[in-house]
Amino acid sequence: MSILARVLISLIGLTLITYLLRGLGLLTFIPGGVILILIALSILFGILYGVEKTRRF
């Protein structure tokens, strides 16, 4: 498994856990901007992983 895949899985997991815990009211001190940054990073690393998987060399 490549480094990008591990980072992508970790980011998606962290984003989901943070989003769920904030929605349940356990992490209310985290601003919404942090969640947006995590979502943006997940999308960015998803695109980078997709580009890496389609390389031929």
Side-chain angles (χ1 to χ4, degrees):
M1 187 181 282
S2 70
I3 294 174
L4 277 177
R6 291 176 195 225
V7 172
L8 177 63
I9 292 169
S10 300
L11 267 174
I12 290 173
L14 180 66
T15 303
L16 285 174
I17 290 170
T18 307
Y19 186 74
L20 288 173
L21 289 177
R22 188 168 185 261
L24 291 173
L26 298 174
L27 294 177
T28 56
F29 58 89
I30 294 179
V34 173
I35 294 177
L36 290 176
I37 289 171
L38 286 172
I39 292 171
L41 284 173
S42 296
I43 292 170
L44 175 70
F45 274 93
I47 292 170
L48 289 175
Y49 176 71
V51 169
E52 180 191 27
K53 290 302 275 186
T54 58
R55 283 190 179 170
R56 291 186 178 198
F57 53 91

Residue of the set Ile9, Thr15, Leu16, Leu14 for which side-chain contact (heavy atoms from CB on, under 4.5 Å) holds with Ile12: Leu16
Single-linkage hydrophobic cluster, 4.5 Å side-chain cutoff, Val7 and Ile37 together: yes
Nearest non-hydrogen partners of Gly25 and Thr28, listed with the distance: O-CG2, 3.3 Å
CG on Leu38 to CD1 on Ile17, rounded to 0.5 Å: 11.0 Å
Between OH on residue Tyr19 and CG on residue Leu36, distance to nearest 0.5 Å: 10.0 Å
Spatial distance of atom CG (Leu11) from atom CG (Leu4) [nearest 0.5 Å]: 10.5 Å
Over all atoms of both residues, closest heavy-atom pair of Leu8 and Phe45: CD1-C, 3.9 Å
Shortest non-hydrogen separation from Ile30 to Arg22 and the atoms involved: O-NE, 2.7 Å
Ile35-Leu24 co-clustered via ILVMFWY side chain contacts under 4.5 Å: no
Heavy atoms from other residues, nucleotides or ligands near CD1 of Ile3 exceed 12 (cutoff 6.0 Å): no
